[in-house]
Amino acid sequence: MMEDLRDEIEQLLKEGLFQSAWTLASFLTSHKEHKSAAPADEANDWGLFGDAAFGLENYAQARGFYEKGLAALKAANSRDHKARYPLVLRQADCALKLKDSESALELLKSVPFEHRPLRHSERWGKRKYAALAYQEVLERTKGRRIVLEASQALARLGGVSHGRSGAPIGAGTAAAAAAAAQTRFPFLQKLMTGHGFIAKYKLGLATTSFNQLLGEFPNNLHLLLREATLQFDIGKLDESLELFRKARSLYPSSPDGADTHAMILRIRERNTELSKLMHELVRIAPDRPEPWIVVALDFSTDSKASPKKALEHLGRVLHLYPGHTGALLAKGFLHLRHNDGKRAAAAYTRVRNSLGGWGGGLEGGSIGCPHLPRFCVFQGLVEAYLQMHEVKRALSIAKEALELMPHNPKSLTLIGIVLSQSPEMKEKACKAFRKALSIDPTCLDAVEALSRFYEMEKKYEKIVDLLKAQLRLRRRDYLHIRLGDAYKLSGNFDLALEQYHAALALSPDHREALKGIDALECAAKDESMIDEEVDDEDIEEFDDD
């Protein structure tokens, strides 16, 4: 009977019927003959009970059952490692689920190198001693398996640790791993090269590598999302949005990257498209964090204006998925929109301090990229500190970004934004903006910052010249709106109205354009009222004469 019961439980576990397996396992482990079973069988029975509890997400209970199995082996002085090591590794899984990473690490280290499955090394690598663990994975596979998670992570780590033999780990190891696989899968070299460029903050070169791969694999979901996220980070929001749209059209059931996709829609005021995305995601993947981040961003739009509800949704996501990059970035963005620099800085700091930084929501912000904050984190922190009037801290963050990316127009723009806060540094700020535009004439951050700078200086004609030059390069709704604002400030209401309508022709529901038209109509009404009053006064004076 006992053997039949074990077989039945194993089948139930394979079928995912964990509650039935749990109930039968409770009878198996409490049978009067159970204590007289061989130590390996007794340990295996507790392992089955633990697996059922693990499947039911009762991780603490599962950990206890695995411990009972180990205790049975210990009581019998059993040296059956085949029975012991799987229980220890499953205990480590429970510890990770319970966020007890220190215990998980100790359990994993207690299992000899040659007895650790690859997946356990990967899980270890995401937390502590990352480089050593990823190196271990590649050493164990010896080119027979292509473990992309390990290779990509090592490409990003860039030589910060040493392997079991004492040799340095990092870009060289990753390159060797990629070279070993090149004869079988040549595209992997380009993939590893792209991740290596990310490690060095050479984001333009990284996009070139991924674009070359997209030429060979035009509908690859991983590449589309990776390239879209990179384009977002270098400020090419329009290009990023097109890639996200393509990914959704090809893979409508995938919620991956939807949080960054929604962030762009929110920034660009594409509220109708954002609401549509929200409804689609909640319908297809209600158990994933991305849809609820999109819900939060949708609640934050001007048409709904429910910042409290938006932050509540993000709070729930972070309660279930602590440290989720997409949720923290959305939280920082919303706090900035409401001029709450202190809370925004806290959110961006959490992203910066967490493991990973290039996930953006693709893998919940834990893509094995330690201590490499994304550019949007630098940007968010600078803006948050400026809202708090902490210019020195903002300058420190901007300088850090510039040191990492000295030829990046966005990092130069950040420096200029901070310098523009001091009257005596305004000329240097203007030079930084112009230098950024000389590197990339389409850098929107630099265009926006320089136009704001000219606005503070009341140099409206220069804003007009700058934006007209940009519109010759590409037609975008936000450029038309900004040009409309510049014409309005200089008193050219007819030209301003023309630009707002041009923006609406591209995006019919753009609220900023509609607001601009409303403001012009109100100004026109006020002007006509003044004219009427003047006419009445003239008539009265004429009558008196």
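Just so it is clear, the structure is predicted and the values come from calculations on it, not from any experiment. For reference, positions follow the sequence shown, starting with 1.
Across every non-hydrogen atom of L87 and G69, the tightest pair is CD1-C, 3.8 Å. Looking at every heavy atom in both residues, A262 comes nearest to V294 through CB-CG2, 3.7 Å. Here the shortest heavy-atom pairing between S209 and T193 reads OG-CG2, 3.9 Å. Summarising the geometry of A401 relative to F375, their closest heavy-atom pair is CB-CE1, 4.3 Å, with the distance given to 0.1 Å. Contact detail for A247 and L225: the closest heavy-atom pair is CB-CD2, 4.1 Å. Shown here for A206 and G194, the closest heavy-atom pair between the two residues is CB-O, 3.6 Å.
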Steps toward side-chain contact (heavy atoms from CB on, under 4.5 Å) verdict (D298, N271):
CA-CA 7 Å; D298 185 64; N271 297 343; 5.9 Å; no
D233 vs C376, test: side-chain contact (heavy atoms from CB on, under 4.5 Å). Steps then yes/no.
CA-CA 6 Å; D233 282 318; C376 57; 3.7 Å; yes
From CA spacing to verdict: side-chain contact (heavy atoms from CB on, under 4.5 Å), T208, K202:
CA-CA 10 Å; T208 301; K202 295 182 178 179; over 6 Å; no
Where do E216 and Q212 land on the side chain to side chain donor-acceptor pair (under 3.5 Å) test, with the steps shown first?
CA-CA 7 Å; E216 297 177 50; Q212 289 174 353; over 6 Å; no
Could you go step by step and tell me if E312 and K309 meet the salt bridge (Lys or Arg N to Asp or Glu O under 4.0 Å) rule?
CA-CA 5 Å; E312 283 175 0; K309 284 186 179 179; over 6 Å; no
After noting the C-alpha distance and the side-chain angles of F244 and R248, does the key distance pass the side-chain contact (heavy atoms from CB on, under 4.5 Å) rule?
CA-CA 6 Å; F244 278 122; R248 279 214 58 71; 5.8 Å; no
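Taking the six-membered ring for Trp and thresholds of 30 and 60 degrees, F54 and Y59 have ring planes more than 60 degrees apart, a perpendicular arrangement.
Side-chain contact between R90 and P86: present, with at least one pair of heavy atoms (C-beta onward) separated by less than 4.5 Å. Taking 4.5 Å as the limit, some side-chain heavy atom of L297 sits within range of a side-chain heavy atom of F333. Between L221 and L250 the shortest side-chain heavy-atom distance does not fall below 4.5 Å. Within the 4.5 Å cutoff, side-chain heavy atoms of H222 are placed close to those of L191. Proximity of L70 to Y66: side-chain heavy atoms (C-beta onward) are nowhere separated by under 4.5 Å. Within the 4.5 Å cutoff, the side chain of L12 has no heavy atoms near those of the F18 side chain. Looking at F232 and L243, their side chains never come closer than 4.5 Å, going by heavy atoms from C-beta outward. For the pair L328 and L314, the minimum side-chain heavy-atom distance is 4.5 Å or more.
A distance of 13.5 Å separates NZ in K236 from CD1 in I264, rounded to the nearest 0.5 Å. One finds the CE atom of M278 at 7.0 Å from the CZ atom of F299 (value rounded to the nearest 0.5 Å). Taking OG from S20 and CD from Q11, the interatomic distance works out to 13.5 Å, rounded to the nearest 0.5 Å. The line from CG of L213 to CG of N220 is 8.0 Å long, rounded to the nearest 0.5 Å. We find the CG-NZ distance between L214 and K190 to be 11.0 Å, quoted to the nearest 0.5 Å. For the atom pair L274 CG and M263 CE, the distance stands at 10.5 Å (nearest 0.5 Å).
Counting non-hydrogen atoms of other residues, nucleotides and ligands closer than 6.0 Å to NZ of K331 gives a total of 12 or fewer. Counting heavy atoms of neighbouring residues, nucleotides and ligands inside a 6.0 Å radius, atom CZ of R343 does not exceed 12 of them. F27 CZ: 12 or fewer foreign heavy atoms inside a 6.0 Å radius.
Residues W22 and F49 place their aromatic rings such that the two centres sit under 6.0 Å apart.
Looking only at distances, no side-chain donor or acceptor of Y201 sits under 3.5 Å from a matching main-chain atom of E403. No side-chain donor-acceptor contact under 3.5 Å links W292 to the backbone of V282. Under a 3.5 Å cut-off, the side chain of S275 and the backbone N or O of T272 do not form any donor-acceptor pair. Not a single donor-acceptor pair under 3.5 Å links the side chain of R63 to the backbone N or O of A92.
Taking a cutoff of 4.0 Å between a charged side-chain nitrogen and a carboxylate oxygen, R268 and D238 qualify as a salt bridge. Between R352 and E400 there is a salt bridge, since a side-chain N of the basic residue sits under 4.0 Å from a carboxylate O of the acidic one. Under a 4.0 Å N-O distance rule, the pair R283/E280 does not qualify as a salt bridge. Contact check on K276 versus E273 returns no salt bridge, with no Lys/Arg side-chain nitrogen under 4.0 Å from an Asp/Glu carboxylate oxygen.
No side-chain donor-acceptor contact under 3.5 Å links T29 and D45. Between the side chains of R266 and S300, at least one donor N or O lies within less than 3.5 Å of an accepting N or O. Side chains of Q379 and E383: a donor-acceptor N/O pair is absent below 3.5 angstrom, by distance only.
Each of V111, L89, L73 was checked for a side-chain contact (heavy atoms from CB on, under 4.5 Å) with R84, and the lone residue meeting it is L73.
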